[in-house]
Protein chains: 2
Amino acid sequence: MNIGEIAKRAGVSRSTVSYALSGKRPVSTATARRINEVIDQLGYRPNASARALAEGRTRTLSLVIPPAGRRLTDVQLGFVASVVEAAATYDLDVLLSPSGGDHDRSFERIVTGRRVDGVILMEILLEDARVARLEQAALPFVTIGHVERPGASWWVDVDYEALIRRCVHHLADLGHEHVVLVSRSDELVAAGYGPALRATAGFLDVAEQRGLTGHVVCCADEPGAGQACFEEIRRNRPEVTALVTINEAALPGLQRALHHSGLHVPRDLSITGVIAKRLAEDFSPPLTAADVPAEEMARLAVDLLVERIADPDATSRHALLEPVVSLRSSTGARPR
Amino acid sequence: MNIGEIAKRAGVSRSTVSYALSGKRPVSTATARRINEVIDQLGYRPNASARALAEGRTRTLSLVIPPAGRRLTDVQLGFVASVVEAAATYDLDVLLSPSGGDHDRSFERIVTGRRVDGVILMEILLEDARVARLEQAALPFVTIGHVERPGASWWVDVDYEALIRRCVHHLADLGHEHVVLVSRSDELVAAGYGPALRATAGFLDVAEQRGLTGHVVCCADEPGAGQACFEEIRRNRPEVTALVTINEAALPGLQRALHHSGLHVPRDLSITGVIAKRLAEDFSPPLTAADVPAEEMARLAVDLLVERIADPDATSRHALLEPVVSLRSSTGARPR
DNA sequence: GCCGGCCATCGAATCGATTCGACGGCCGGA
DNA sequence: TCCGGCCGTCGAATCGATTCGATGGCCGGC
């Protein structure tokens with residue numbers, strides 16, 4: 001059931017069928033109608049592989065996600081779904097490829113095998129081998145998160161530093177004097193994970209500026225670690241009255257630890273940070289936090305990628321989102 | 001940089017390069033070495049589209065997920081990641097396609113366009129148009145969840161009914177007399193969502209058998225609904241001392257409602273159900289529950305699908321998993 | 001020394017589309 | 001009436017692989 005079959009039944013040549021379908025050359029209305037009847041009747045649709053070969057493009061994007069071992073956070077999950085949805089509006093399919101380190105088989109397969117027209121890269125590091133690989137292969141790509149570097153690049157990111165600054169200012173305004181930033185895992189930070197580094201920079205800077213004592217602790221991306229981390233903070237720094245967190249995966253553990261400690265939020269302790277809206281709302285009490293706009297980022301990333309694919313030589317573009325900090329009920333005046 | 005280029009540089013024909021790569025015909029060691037040198041030097045890899053066209057297979061699977069509008073639950077998320085990982089061990093890529101109702105563009109594009117070699121269908125309904133569509137298109141597929149029907153079909157599922165039966169027996173053993181099943185959303189149940197229907201059947205059956213009064217309530221798949229649902233149960237059926245839930249998405253709301261109510265689990269109320277391990281562990285207190293083995297299901301689904309692709313005429317196979325109910329600390333003797 | 005057979009390799013067909021150049025027919029203008 | 005141009009259609013080349021049948025050369029056996 002290929003284009004030849006349709007052509008035969010409609011009594012025309014294969015090229016005419018192709019033109020009737022694509023509209024790239026005029027076809028008489030009578031012929032077009034006949035062709036469309038046959039197509040509807042047989043339920044024909046062009047073979048994707050053949051079309052990809054002939055056109056030189058696959059109508060497919062690749063979304064490179066962190067490897068399955070490390071759990072996706074809630075934000076990342078929403079992001080994946082939104083990318084698929086955004087791509088669908090362009091009639092593009094999305095290939096999911098896990099990739100952690102430098103390069104694994106599936107990443108290499110996609111890049112060298114020309115399986116896709118473009119790539120969206122999640123959770124990039126400051127020095128990321130995959131970025132270099134994509135540039136070398138001349139495959140259009142957009143990164144989620146950006147690297148500090150003059151070179152032209154296409155990316156979408158959340159301004160972690162600005163958001164964390166706002167959070168710390170907010171706490172300072174409320175009178176807090178001893179604050180802690182709960183960052184991501186040691187390994188991620190050591191590997192040069194941008195958001196964590198920039199959050200730290202912003203945190204320490206504002207803390208100093210406002211005369212607060214600020215400490216940063218790394219916490220593995222899992223609930224157990226969140227619990228342990230909280231308990232350690234209570235033990236080692238009992239003077240701390242406010243937490244700023246960028247570690248979503250650790251939140252359930254924090255919640256549990258809070259529960260056990262008997263502390264009241266925000267009377268005894270204030271909590272804020274950069275957190276997916278859903279997670280912030282589901283916390284008890286709901287967290288005052290900067291809501292990461294995953295859907296918007298996904299939409300923008302796909303838009304940018306489509307644009308770059310259409311014109312690979314266009315000057316690079318990017319978007320730095322700075323969502324609002326939503327006041328909920330987890331922050332309050334310094335106790336006593 | 002195609003196979004012809006490699007052939008030219010190695011001084012052989014294109015077919016010889018192909019055979020050297022695939023090993024489907026012998027190639028002299030000297031020639032093979034020369035070819036491999038050129039390939040390594042140029043970093044050549046066969047064009048995926050051309051190969052797909054020639055071979056008649058794409059080396060790609062499609063994973064059909066619920067539409068983005070409805071959030072993926074935690075189990076489903078883990079499942080997606082695990083499918084990708086399992087497929088990678090076969091050197092297969094995974095195309096993500098959201099599809100809810102009968103058929104949308106991307107689902108139809110994938111099926112008719114022969115974009116993939118096989119399909120994994122999540123969250124199927126008892127009467128699912130997509131199943132019929134795939135059968136008609138003769139595209140191999142495996143469903144997550146199964147339909148009651150004599151016809152041959154390939155699927156992987158969790159035995160919700162058996163698990164719920166166990167949960168109710170467990171509660172009956174502890175002396176509970178009034179129990180409620182928190183099911184999935186009205187719409188899903190009305191649409192004929194198998195796990196919810198089977199859970200209900202098992203729940204009511206055992207309740208009757210053990211002389212309990214059992215009620216079933218539907219709850220939308222979101223935290224807010226979980227909270228409202230809990231409050232309604234407390235108001236309308238204060239005699240209830242135990243909850244069985246299969247609604248993971250509503251758990252955060254349940255947690256919040258519990259917190260507000262001041263009830264102690266399990267002293268005042270027992271909670272159990274079928275819940276992803278991670279969610280059960282992150283609840284406070286950790287839930288006694290049947291852990292849905294998402295990774296194992298994903299692995300099995302991919303294995304089955306690969307098998308079916310290799311031999312489309314093989315007799316159908318399936319797997320009905322019955323994970324253990326893990327005793328944690330959310331169930332206890334009936335109060336008073 | 002000749003012949004049969006096997007091993008390695010080649011050339012050509014094939015997969016199913018897109019796209020370009022060419023061609024035929026019809027219409028209108030001179 | 002003849003000719004130029006445009007509209008619609010066709011045939012063939014192309015994309016980059018796989019695969020089948022054929023062929024050439026070398027070796028061993030008689």
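Naming convention: chains lettered A, B, ... in sequence-line order (proteins, then strands); numbering from 1 in each chain.
Contact annotation: Tyr44(B) does not reach the phosphate of dG16(D) (side-chain N/O to OP1 or OP2, under 4.0 Å). Taking 4.0 angstrom as the limit, Lys24(A) places none of its side-chain polar atoms (N or O) nearer than this to OP1 or OP2 of dT18(C). Between Ser15(B) and dG11(C) there is no side-chain N or O to OP1 or OP2 distance below 4.0 Å. The shortest distance between the side-chain N/O atoms of Tyr19(A) and the OP1/OP2 oxygens of dG11(D) is not below 4.0 Å. Of the side-chain N and O atoms in Asn2(B), one or more sit less than 4.0 angstrom from OP1 or OP2 of dG16(D). Listed pair Thr16(A) / dT9(D) fails the phosphate criterion, with no side-chain N or O lying under 4.0 Å from OP1 or OP2.
Here the nucleotide nearest the side chain of Arg25(A), chosen from dT18(D), dT9(C), dC10(D), is dC10(D). Proximity note for Pro46(A) (side chain, C-beta onward) versus dA17(D), dA17(C), dT19(D): the nearest is dA17(C). Side-chain proximity of Ser13(A) to dA13(D), dA17(D), dC10(D): nearest is dC10(D).
Within the nucleic acid shown, Ser28(A) comes within 4.0 Å of sugar-phosphate atoms alone, with no base atom in reach, counting heavy atoms only. Contacts of Thr31(A) with the nucleic acid, taken as non-hydrogen atoms under 4.0 Å apart, involve only primed sugar atoms and P, OP1 or OP2.
A salt bridge links Glu108(A) with Arg133(A): the distance from a Lys NZ or Arg NE/NH1/NH2 to an Asp or Glu carboxylate oxygen falls below 4.0 Å. Looking at Arg59(B) and Asp91(B), no side-chain N of the basic residue comes within less than 4.0 Å of a carboxylate O on the acidic one, giving no salt bridge. With respect to Arg115(B) and Asp93(A), a salt bridge is recorded, a charged nitrogen being found less than 4.0 Å from a carboxylate O. Here Arg33(B) pairs with Glu37(B) in a salt bridge; the nearest charged N to carboxylate O distance falls below 4.0 Å. The existence of a salt bridge linking Glu295(B) and Arg299(B) is excluded, since no basic side-chain nitrogen approaches an acidic carboxylate oxygen closer than 4.0 Å.
In this entry the distance linking CG of Asn47(A) with P of dT14(C) reads 17 Å, nearest Å. Here dT18(C) presents its C1' atom at 16 Å from CD1 of Ile6(A), a figure rounded to the nearest Å. As a whole-Å value, the separation of Arg14(B) CZ from dC20(D) C1' is 14 Å. Between Ile3(A) atom CD1 and dT18(C) atom P the separation is 5 Å, expressed in whole Å. For the pair Arg115(A) CZ and dG16(D) P, the computed distance is 17 Å after rounding to whole Å. If you measure from atom CD of Glu5(B) to atom C1' of dA17(D), you get 15 Å, rounded to the nearest angstrom. Rounding to whole angstrom units, CD1 of residue Ile35(B) and C1' of dA8(C) are separated by 11 Å. Rounded to whole Å, atom C1' of dG8(D) lies 17 Å from atom CG of Leu21(A).
For the side-chain contact (heavy atoms from CB on, under 4.5 Å) criterion with Leu305(A), the lone passing option out of Asp303(A), Val302(A), Ile309(A) is Ile309(A).
The 12-atom threshold is exceeded at CZ of Arg34(A), counting heavy atoms of other residues, nucleotides or ligands nearer than 6.0 Å.
Of all the residues in residues 49-57 of chain B, Ala50(B), Arg51(B), Leu53(B), Ala54(B), Glu55(B) reach under 4.0 Å from DNA chain D with at least one non-hydrogen atom.
Judged by distance alone, the side chain of Arg114(A) and the main-chain N or O of Arg45(B) form no donor-acceptor pair under 3.5 Å.
A donor-acceptor contact under 3.5 Å is not formed by the side chain of Arg45(A) with the base of dG16(C).
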